[in-house]
Amino acid sequence: MKIAFLGTPEFALPSLDMLFQSGHELGVFTQPDRPVGRHAVLTPPPTKVYAMEHGIPVFQFEKIRLPEGLEALKSFAPDLMVTAAFGQILSAENLTVPKCGCINVHGSLLPKYRGAAPIQWAVINGETETGITTMMTDFGMDTGDILMVERVTIGENETAGDLFERLSVLGAETLKRTIAALEAGTLVRTPQNELQATKCPMLKKEHGRIDFNKTARDIHNLVRGTNPWPGAYALLDGEPLKIHATRMSESDLGSAQLGSLKGDAKTGLFVLCQDGWLEITELQASGSKRMSAKDFVKGHPPDSKILA
RNA sequence: CGCGGGGUAGAGCAGUUGGUAGCUCGUCGGGCUCAUAACCCGGAGGUCGUUGGUUCAAGUCCAUCCCCCGCAA
C-alpha cells in the first residue's frame with residue numbers, strides 16, 4: 001500500500017520501521033526542524049532522520065491542515081494514512097485524502113487518556129496497567145473507533161521513558177496486525193464508550209513541581225511519570241533540584257517539617273512527604289551533573305535542609 | 001554573541017582580604033567485635049580544566065581557549 005506516515009518523535013520510529021520493512025510505499029510527514037538545546041541547534045525530528053537514511057520522501061509543515069500541507073498530502077495520494085505521535089491536529093479535509101482512512105497508534109487504553117501525554121499521565125496517576133490502542137482517526141481528539149488493543153502492566157519503578165520504549169515497540173506490532181486485518185477486510189471497528197472517556201493535557205514544566213503535601217506514593221509516581229521529561233523538581237535554598245529517581249521506603253526517620261531532608265552517604269537520602277519518608281536515589285542540583293543521592297550527600301550534608 | 005552556575009585526590013564538595021591544599025565517602029593497612037553499612041588508629045592518593053600574564057609568592061587576581069550543567073526558547 002501507499003502510506004502517508006505522520007509521526008515525529010522516537011515513539012513513532014518502530015512503527016515507521018515496521019512499515020518500511022513490510023515493503024509499503026511510504027511518505028513521511030513530520031514537524032519542521034526545531035531548535036534544540038542550549039545552543040538552539042536546528043534539529044530534524046527522528047522520523048525525518050530515519051526517512052532520509054532509508055530514501056523515504058519527507059514533507060514538513062508547521063500545520064498540515066493549512067492549504068500547503070493539504071495539497072502536498074493530496075498530491076502524494078496515499079491509500080492509507082497512519083499517525084503516531086504526530087503532534088499536529090488534522091483537519092476533516094486531511095482525513096478525506098486517503099481512501100482507506102487514517103489509523104492512529106495511541107499509547108493508552110482508549111477511551112482513557114485521550115490526548116497528548118497518555119503514557120506519562122498513566123504513570124503519574126499510578127495506573128498499574130496501560131497499553132496500545134489502534135483506532136480510526138476522526139475529527140475529534142482520539143475519539144475514533146477502536147480497532148485493536150494490547151495491554152501491558154506498569155512496573156512498580158517503571159518510568160514514563162521505560163514505558164515509551166516498550167509501548168513504541170508494541171505499537172508497531174499492533175499497527176502491523178491492524179493493517180493486516182485491514183488488507184484482509186476483517187477489521188472490526190468498535191465505537192468508544194464516551195462515558196468512560198478521560199482526557200490528559202500536554203505535559204508542562206510546572207507539572208513536575210513536587211508538592212510534599214502529597215503522599216510518598218503520589219510523589220514517587222510523579223517522579224516516574226515525568227522522567228525523562230519534563231522531570232520532577234523541588235526547590236532547595238531557592239534553587240531547583242531535579243529529582244530523577246525515588247524508591248518507596250519503609251524507613252521511619254521521625255517527624256519533621258514536610259520536605260525535610262535526612263540521610264547520609266551510607267544509608268541514602270530521604271525526604272519527608274505527607275505520609276512518610278521517600279528515598280531519593282538520583283538527583284541533580286542546578287548547575288551540576290546528574291548523580292546518585294549518595295554522591296550528592298557527600299558534598300551536601302542534609303543537616304536540616306528543607307525542600308519546598 | 002539570550003541569562004546564569006561550575007571544572008580542586010577514585011566520588012561529592014570547601015578553600016575567607018594572594019602566603020605549606022582541606023572535609024565527607026571510598027580505598028589500603030592495623031585494632032575492637034559473635035558480627036556489621038558500626039566504632040578506634042594509621043597510610044596512600046592532587047602538575048587545583050588549558051595557555052599566557054601580574055607578583056617575592058597564584059587554587060585564589062587578569063586574559064584566552066576547551067569542557068560540563070541549570071534557566072529561557
Side-chain angles (χ1 to χ4, degrees), chain A residues 7-11 30-49 60-64 66 85-89 116-117 120 124 157 159-161 164 201-212 216 219 222-254 256 259-272 276-308:
Chain A
T8 305
E10 284 81 4
F11 180 78
T30 188
Q31 303 264 26
D33 294 5
R34 305 284 189 201
V36 165
R38 215 177 331 268
H39 302 291
V41 179
L42 210 54
T43 306
T47 45
K48 177 183 179 182
V49 174
Q60 292 175 284
F61 298 101
E62 197 63 53
K63 293 185 177 179
I64 198 168
L66 296 183
F86 180 42
Q88 290 187 27
I89 296 171
Q120 292 94 323
I124 291 171
N157 292 308
T159 66
F164 252 103
M202 200 182 312
L203 219 45
K204 292 180 190 164
K205 207 100 182 168
E206 251 321 287
H207 285 120
R209 178 68 184 270
I210 296 173
D211 175 5
F212 291 100
I219 293 171
L222 180 70
V223 169
R224 294 189 298 135
T226 55
N227 180 318
W229 195 91
Y233 69 97
L235 297 184
L236 178 63
D237 296 329
E239 290 288 314
L241 181 76
K242 286 193 183 178
I243 311 289
H244 288 298
T246 53
R247 179 160 50 210
M248 294 302 291
S249 163
E250 304 297 317
S251 309
D252 180 8
L253 304 179
S260 292
L261 291 173
K262 275 194 184 182
D264 54 54
K266 290 176 184 169
T267 56
L269 182 62
F270 299 82
V271 63
L272 184 58
W277 295 85
L278 178 67
E279 181 176 2
I280 297 173
T281 55
E282 209 174 339
L283 51 64
Q284 181 171 20
S286 173
S288 175
K289 291 184 186 177
R290 174 185 188 131
M291 66 184 74
S292 74
K294 290 181 180 179
D295 280 344
F296 178 80
V297 166
K298 289 172 189 168
H300 305 82
D303 294 333
S304 44
K305 300 235 179 184
I306 311 279
L307 282 181

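Lettering of chains follows the sequences in order, A, B, ..., and the numbering in each one begins at 1. As the structure is a prediction and not an experimental result, all values here were calculated from the model.
For Asp237(A) and rG5(B), the CG to P distance is 16 Å, given to the nearest whole Å. Computed from coordinates, the Leu269(A) CG to rG12(B) C1' distance equals 13 Å when rounded to whole Å. Phe296(A) places its CZ atom 19 Å from the C1' atom of rG26(B), with the value rounded to the nearest Å.
With C1' as the reference atom, rC1(B) and rG45(B) are 42 Å apart, rounded to whole Å. Atom C1' of rA44(B) sits at a distance of 7 Å from the matching atom of rC28(B), rounded to the whole Å. Remark: the separation of the P atoms in rU50(B) and rC32(B) is 46 Å, to the nearest Å. Separation of the C1' atoms belonging to rG22(B) and rU8(B) is 10 Å when rounded to the nearest angstrom. Taking atom C1' in both rC25(B) and rA38(B), the straight-line distance is 15 Å, to the nearest Å. Nucleotides rG15(B) and rG53(B) are separated by 24 Å at their C1' atoms, to the nearest Å. The same atom, C1', is picked in rA9(B) and in rC3(B); the two are 34 Å apart, to the nearest Å.
Remark: Asp33(A) pairs with Lys48(A) by the salt bridge (Lys or Arg N to Asp or Glu O under 4.0 Å) rule, at least two apart or across chains. The side-chain contact (heavy atoms from CB on, under 4.5 Å) test applied to Gln31(A) returns Thr8(A), Arg34(A), Gln88(A), not counting sequence neighbours. Taking the side chain to side chain donor-acceptor pair (under 3.5 Å) definition, one finds that Thr246(A) meets it with His220(A), sequence neighbours left out. For Thr159(A), the side chain to side chain donor-acceptor pair (under 3.5 Å) criterion is met by Asp162(A), not counting sequence neighbours. A search for side chain to side chain donor-acceptor pair (under 3.5 Å) contacts involving Ser251(A) returns Ser249(A), not counting sequence neighbours.
Counting only residues at least two apart or in different chains, salt bridge (charged side-chain N to carboxylate O under 4.0 Å, His left out) contacts with residues 288-298 of chain A comprise Glu282(A)-Arg290(A), Asp295(A)-Lys298(A).
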Pair up each side-chain donor or acceptor in residues 228-241 of chain A with any protein partner under 3.5 Å, not counting sequence neighbours, and list the distances.
{"unit_1": "Tyr233(A)", "atom_1": "OH", "unit_2": "Glu206(A)", "atom_2": "OE2", "d": "2.6"}
{"unit_1": "Asp237(A)", "atom_1": "OD2", "unit_2": "Lys305(A)", "atom_2": "NZ", "d": "3.2"}
{"unit_1": "Glu239(A)", "atom_1": "OE1", "unit_2": "Ser286(A)", "atom_2": "OG", "d": "3.2"}

Val36(A)/Leu42(A) under side-chain contact (heavy atoms from CB on, under 4.5 Å): CA gap, chis, key distance, verdict: CA-CA 6 Å; Val36(A) 165; Leu42(A) 210 54; over 6 Å; no
Give every pair of a protein N or O atom and an N or O atom of nucleotides 68-73 of chain B that lie under 3.5 Å apart, one pair per line with the distance.
{"unit_1": "rC69(B)", "atom_1": "O3'", "unit_2": "Gln284(A)", "atom_2": "NE2", "d": "3.0"}
{"unit_1": "rC69(B)", "atom_1": "O2'", "unit_2": "Ser288(A)", "atom_2": "N", "d": "3.3"}
{"unit_1": "rC69(B)", "atom_1": "O2'", "unit_2": "Ser288(A)", "atom_2": "O", "d": "2.9"}
{"unit_1": "rG70(B)", "atom_1": "O4'", "unit_2": "Gly287(A)", "atom_2": "N", "d": "3.1"}
{"unit_1": "rG70(B)", "atom_1": "O2'", "unit_2": "Ser286(A)", "atom_2": "OG", "d": "3.4"}
{"unit_1": "rG70(B)", "atom_1": "N7", "unit_2": "Arg38(A)", "atom_2": "NH1", "d": "2.6"}
{"unit_1": "rC71(B)", "atom_1": "OP1", "unit_2": "Lys205(A)", "atom_2": "NZ", "d": "3.4"}

Any N/O pairs under 3.5 Å between the protein and nucleotides 36-46 of chain B? List them or say none.
{"unit_1": "rA38(B)", "atom_1": "OP1", "unit_2": "Lys266(A)", "atom_2": "NZ", "d": "2.2"}

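In this structure, the side chain of Thr281(A) engages the main chain of Ala245(A) through a donor-acceptor pair within 3.5 Å.
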